[in-house]
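Predicted model, so just to flag it, every value in this text is computed and none were measured. Quick note on labels: first sequence line is chain A, next is B, and so on, each numbered from 1.
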Amino acid sequence: MEFAYEVAVDAPLATTLTYGQPNGRIEPLPVGCCVRVPLGGRRVVGFVLGPAESDSPTFTVKPILELLDDFPVFPPELLPFYRWVARYYHHPLGEVLRTALPMVPTSRRKTRVQAKMVETLVPGSDLADYLHSSQKGDELIALLQQERSYVLKKAEQKAFRLFLAQYFSQERQPVMRAQLNRLYPGAGPRLDRLVALNILQQTRVRVFRDPFGDPPQLQPKPDQLTVEQRQVMDSLLPAVDSASFVPFLLHGVTGCGKTEIYLRSVEHVMHLGGTALVLVPEIALASQMEAHFHSRFGEQLAVLHSGLSEGERFDQWQRVLDGSARVVLGARSAVFAPLLRLGIVIVDEEHEPAYKQEDGLRYNGRDLAVLRARMAGCPVLLGSATPSVVSYHHCQEKKYRLLTMHHRVANQPLPRVEIVDLAGSQRSRPDLSFSDQLINALADTLERRKQSLLFVNRRGFSSSMLCRDCGAIVQCKHCQVSLTLHRGRNILLCHYCGYSRHPDAICPTCGSTRISGVGIGSERIEEEVRQLFPQARVARLDSDTTSNRKHYLATLKAVREHQVDILIGTQMIAKGLHFPDITLVGVVWADSGLGMPDYKAAERTFALLSQVTGRAGRGWDPGLVIVQTYQPHHYSICLAQQHDYPGFFSREIAIRAPLHYPPFTRMINIRFSGLDEDRVRAAAVQVAECIRHHRWADKMELLGPSPSPLVKIKDKTRWQLLLKSEHQAVLHAVCDEILARKRQLCPAAVTMGFDVDPENMM
DNA sequence: AGCACGCCGACT
DNA sequence: GTCGGCGTGCTC
């Protein structure tokens, strides 16, 4: 066999495999092309990584079955990056590539995404000869009829004139047939005759499906930067010019104008002829960022996020691959985009947990963005109003350079934050979730014809259903979690697997009928608000009401046009939206996250409160934030009230140091799951035993094995094993060893997976 | 992951 | 006697 290739296949294999040249093909295959290969009696998708190691194989090399596309789906320059990802996350390279290249056909999915072509018309050879003498329809028709021996019918003349008008108005670009048919519904057969007469010529051109449904609102470029913005640019631009890896953390209060910093840095890179990668936590949710970048970079911009259809995503990817788009704006998976000559990498809201993918390849988009910048040799800019504790710590250790912006753009003051102790305060409506302060503030805001925003941590009506006789909580039959009452849809819903059932009023354990809901959800808050203020116009935004993007955008529009007085929502309203008329923000239960068994609980609470706080007072009115909590003295809540990030950071770091939590250690969570409870536990115990006997066991801490906080999800029992160490290399060596001995330690019926740098321990 | 191979219970 | 249960192991 002449050529042999290293191929990563779409299967959970630890190694890459060797395949031979496809039968009947002579030219070698390019690196990065997508192929179909035989694997153990089936046919799977694979990626050509390059020529195979040349030492004589001990196995029979099978030939590649077919080439799926003759162009590469990723540039060879990015292969080292993809390989590093596979090694770092202890994940099969083939699956890394499948995650990274979302439009590629998988072994399971049969349908393939294709380039979209449209039928177009250009002048035919007979017409082209006359276009020099005239461009007027009637004259051309006369000329053509005179010189040739045919007569054009009225309708054909009409179609012809229409074509000419379009052709010249769009600067001699091919004219879409569909466009002519829209203007003149009977055009079809007439155009066919014109094509037959060689007056017109039929062509097909590639079109890029447009992800910007409505062209985003044009955002003007400000003439001037603030003093702080100029100082930040003065630090950033030399780093961009130096074309070397320099990591920056930009800590700037909400409304300080970070977006303009991003835009100008990217503009600078564009002038230097480079490319730029910009990550945002969740672009699907109508972020202003998309509008800004589209206004500034137009055709140069590609967007990559989950809100795109497969076809749109394919087109955007192709535009990046062929170099016609040089700025990529996208959610975490955009970190794999095939950009070459990177000049800058930007991560907005770098602290957001949304950067962490929580299934399959559990990567962190923010961390990989830093890695890409390192490998490409360019600066990386991490921006946040509430930086992650880990990133800020890197600044203190002089690994990152800290840039700080203290002032909001128009020098608006930050809103006043009032904390209300839910346990200690007198309440005139103890039956509701509102303190008197919040009720009064809502009433006052309504009266002043301003808008209020109420933030609730959970969706649904009641978070769980409790039997008042036996104390049992109604649970999902596939997951060991409580079902949430959704009154609007009249169901009990599992937020983990989506199972739903009718909310019948009989306790499944004791048969009692005294069952009632406990815990507050957004649906219930909505009902309470309607009861308190029947005259107010109320809207709710959470993932229940947002299953379609249209409804989400419509609600935002209604809020912007002041057709809503009180907006109620979950996490998703904490980000991005800023409307000048929102002067009151209420947080119904601020400490709900502090009870979680999770070392990041305080960090998340601080970030969430700061973020929600930033929604108030974006107009002239400074705004008021009312935070209801049972823990009014908790440092994450008090320091958020004072807008004191450095204060929060030092308190948090003082707690984490003695407990050996990140940033003082690195962690890897090893997760086990399977249908057979006993075997899942046994596997976890076996692996733990193996780790305890590892030669570097004294250089790490092992917590567990223990059942996961959510023991059972979708009928699968889950156990976990947490590894902590100051030395990252130790953790990786242990994982490699476990993977090598997986056969003996873990039966096939139990799936084992690594969560490197876990964000969420549930 | 998925498919083949292999070793023990109830069927024509 | 065999058909098929799923537990185990491998895939270039």
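Across all strands shown, A:T60 has heavy atoms under 4.0 Å from sugar-phosphate atoms exclusively, and none from any base.
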Between protein and nucleic acid, restricted to nucleotides 4-9 of chain C and to nitrogen or oxygen atoms under 3.5 Å apart, what atom pairs and distances do you find?
residue, atom, partner, partner atom, Å
C:dT8, OP2, A:R679, NH2, 3.2

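Distance A:L39 CG to B:dA4 C1': 12 Å, rounded to the nearest Å. As rounded to whole Å, 7 Å separates atom C1' of C:dT11 from atom NZ of A:K62. Atom CZ in A:R98 sits roughly 13 Å away from atom C1' in B:dG2 (whole-Å rounding). For the pair A:M752 CE and B:dA1 P, the interatomic distance rounds to 12 Å; values are reported in whole Å. Atom-to-atom, CD of A:Q21 to P of C:dC12 comes out at 18 Å; the value is rounded to the nearest Å. Computed from coordinates, the A:I64 CD1 to C:dC12 P distance equals 13 Å when rounded to whole Å. Between the P atom of C:dT11 and the CD atom of A:E95 lies a distance of 18 Å, rounded to the nearest Å. Regarding A:L17, its CG atom lies at a distance of 9 Å from the P atom of C:dT11, rounded to whole Å.
Distance alone, capped at 3.5 Å, is enough to place a donor-acceptor pair between the A:E603 side chain and the A:V389 backbone. Side-chain N or O atoms of A:S725 include none that pairs as donor or acceptor with a backbone N or O of A:L731 at under 3.5 Å.
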key: Steps toward ring-ring contact (aromatic ring centres under 6.0 Å, His included) verdict (A:Y82, A:F47)   = CA-CA 12 Å; A:Y82 298 139; A:F47 302 94; 9.1 Å; no
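A centroid separation of 6.0 Å or more is found between the aromatic rings of A:F74 and A:F81.
Side chain to side chain, A:Q728 and A:Y88 meet the donor-acceptor criterion of an N or O pair below 3.5 Å.
For A:R83 and A:E6, the salt-bridge test passes: some basic side-chain N is under 4.0 Å from an acidic carboxylate O.
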